[in-house]
Amino acid sequence: KTYTVQNTGTGNLSVATIALSGADAASFIVGDIMLPATIAAGTSTTFTVTLNAATSGVKSATVTITSDDCDETGYTFSVQGIVQNIPTISAGGSLSFCAGENVVLTSSSATGNQWYKGGVLIVDAVNETYTATETGGYTVKVIENSIESEASAGISVTVNALPMAG
């Protein structure tokens with residue numbers, strides 16, 4: 001997200017630091033600003049705070065801007081974001097098999113799964129595993145903290161017809 005520091009004063013404003021603190025501070029990155037920054041009177045500058053966490057969940061931090069403002073040398077505000085990892089699918093056997101057989105597909109997420117075939121939701125397919133018995137492209141999404149992830153990369157299953165008896 002982009003934030004703006006505005007200088008409404010009559011002289012230059014010097015921003016010395018923009019620091020992150022709190023339990024999840026390492027999950028955020030301050031960017032797009034060269035510090036220290038001088039902001040001329042009546043102008044503004046922007047910076048970004050980007051959420052870049054390796055683990056899923058709600059992440060929070062405090063941003064502190066330190067400047068030479070005579071009545072507000074330190075300005076703080078909170079940032080928060082939700083990280084939702086994209087699941088992956090593994091197959092417990094061959095992805096090409098004869099009619100009447102199957103392959104068990106497993107999501108990298110133990111909970112919150114919703115399976116899809118050809119982009120269409122498979123009703124009641126919400127477990128970590130899904131047993132595929134039909135030809136098609138399968139994906140899985142994960143719902144965590146009321147947020148739905150992007151779909152996993154697809155995995156293609158091919159069911160071959162049984163040979164005709166001759």
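To the nearest 0.5 angstrom, L121 atom CG is 3.5 Å from Q114 atom CD.
Applying the side-chain hydrogen bond (donor to acceptor under 3.5 Å, both in side chains) test to T66 and every residue at least two apart in sequence or in another chain returns T17. By the salt bridge (Lys or Arg N to Asp or Glu O under 4.0 Å) test, E128 pairs with no residue at all, sequence neighbours left out. Under the rule for a ring-ring contact (aromatic ring centres under 6.0 Å, His included), F28 has no partner lying at least two apart in sequence or in another chain.
Listed by first and then second residue, the salt bridge (charged side-chain N to carboxylate O under 4.0 Å, His left out) pairs involving residues 133-148 are K117-E134, K141-E148 (not counting sequence neighbours). Counting only residues at least two apart or in different chains, salt bridge (charged side-chain N to carboxylate O under 4.0 Å, His left out) contacts with residues 74-95 are absent. Within the structure, the salt bridge (charged side-chain N to carboxylate O under 4.0 Å, His left out) test picks out no pair touching residues 47-69 (sequence neighbours left out). Among residue pairs with one or both ends in residues 81-104, none qualify as ring pair (Phe, Tyr, Trp, His ring centres under 6.0 Å); sequence neighbours excluded. Annotation: ring pair (Phe, Tyr, Trp, His ring centres under 6.0 Å) contacts involving residues 59-93, sequence neighbours excluded, comprise Y3-F77.
Across all their heavy atoms, N113 and V142 have their closest contact at OD1-CG2, 3.6 Å.
I147 forms part of a hydrophobic cluster together with V58, I82, judged by ILVMFWY side-chain heavy-atom separations under 4.5 Å. Under a 4.5 Å side-chain heavy-atom criterion applied to ILVMFWY residues, the cluster that includes L162 comprises that residue alone. Other cluster members for V104: none, since no ILVMFWY side-chain heavy atom sits under 4.5 Å from it.
Hydrophobic clustering (ILVMFWY, side-chain heavy atoms < 4.5 Å, transitive): I155 and V140 are in one cluster. Hydrophobic clustering keeps I89 apart from I86 (ILVMFWY residues linked when any side-chain heavy atoms are closer than 4.5 Å, directly or through intermediates).
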> Between V157 and L95, does a side-chain contact (heavy atoms from CB on, under 4.5 Å) hold up when you go through it step by step?
Replying inline: CA-CA 5 Å; V157 172; L95 294 171; 4.1 Å; yes
> How far apart are the C-alpha atoms of N160 and S96, what are their side-chain angles, what is the distance that settles it, and do they pass the side-chain hydrogen bond (donor to acceptor under 3.5 Å, both in side chains) test?
Replying inline: CA-CA 7 Å; N160 302 303; S96 180; 3.0 Å; yes
>> Does Y138 form a side-chain contact (heavy atoms from CB on, under 4.5 Å) with I122? I'd like the steps, not just the answer.
In response: CA-CA 10 Å; Y138 292 84; I122 304 169; 4.0 Å; yes
>> Is there a side-chain contact (heavy atoms from CB on, under 4.5 Å) between V5 and L13? Walk through the geometry before answering.
In response: CA-CA 10 Å; V5 178; L13 174 68; 4.2 Å; yes
>> Test side-chain contact (heavy atoms from CB on, under 4.5 Å) on I18 and V63; report intermediate values, then the result.
In response: CA-CA 7 Å; I18 300 176; V63 179; 3.7 Å; yes
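A heavy-atom distance below 4.5 Å is found between the side chains of S152 and T139. S78 has its side chain out of reach of S60: every pair of non-hydrogen atoms, C-beta onward, lies at least 4.5 Å apart. Residues V15 and I65 are in side-chain contact: their nearest non-hydrogen atoms beyond the backbone lie under 4.5 Å apart.
Not one N or O on the side chain of T4 forms a donor-acceptor pair closer than 3.5 Å with the backbone of Q6. For W115 (side chain) and N127 (main-chain N/O), a donor-acceptor pair under 3.5 Å exists by modelled atom type. Between the T135 side chain and the V159 main chain, a donor and an acceptor come within less than 3.5 Å of each other.
Open room surrounds CD on E150; 12 or fewer heavy atoms of other groups in view lie less than 6.0 Å from it.
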Between side-chain atoms of residues 29-53 and protein atoms elsewhere (two or more places apart, or another chain), which donor-acceptor pairs fall under 3.5 Å?
{"from": "D32", "atom 1": "OD2", "to": "T48", "atom 2": "OG1", "distance (Å)": "3.1"}
{"from": "T43", "atom 1": "OG1", "to": "A40", "atom 2": "N", "distance (Å)": "3.3"}
{"from": "T43", "atom 1": "OG1", "to": "A40", "atom 2": "O", "distance (Å)": "2.6"}
{"from": "T48", "atom 1": "OG1", "to": "G31", "atom 2": "O", "distance (Å)": "3.3"}

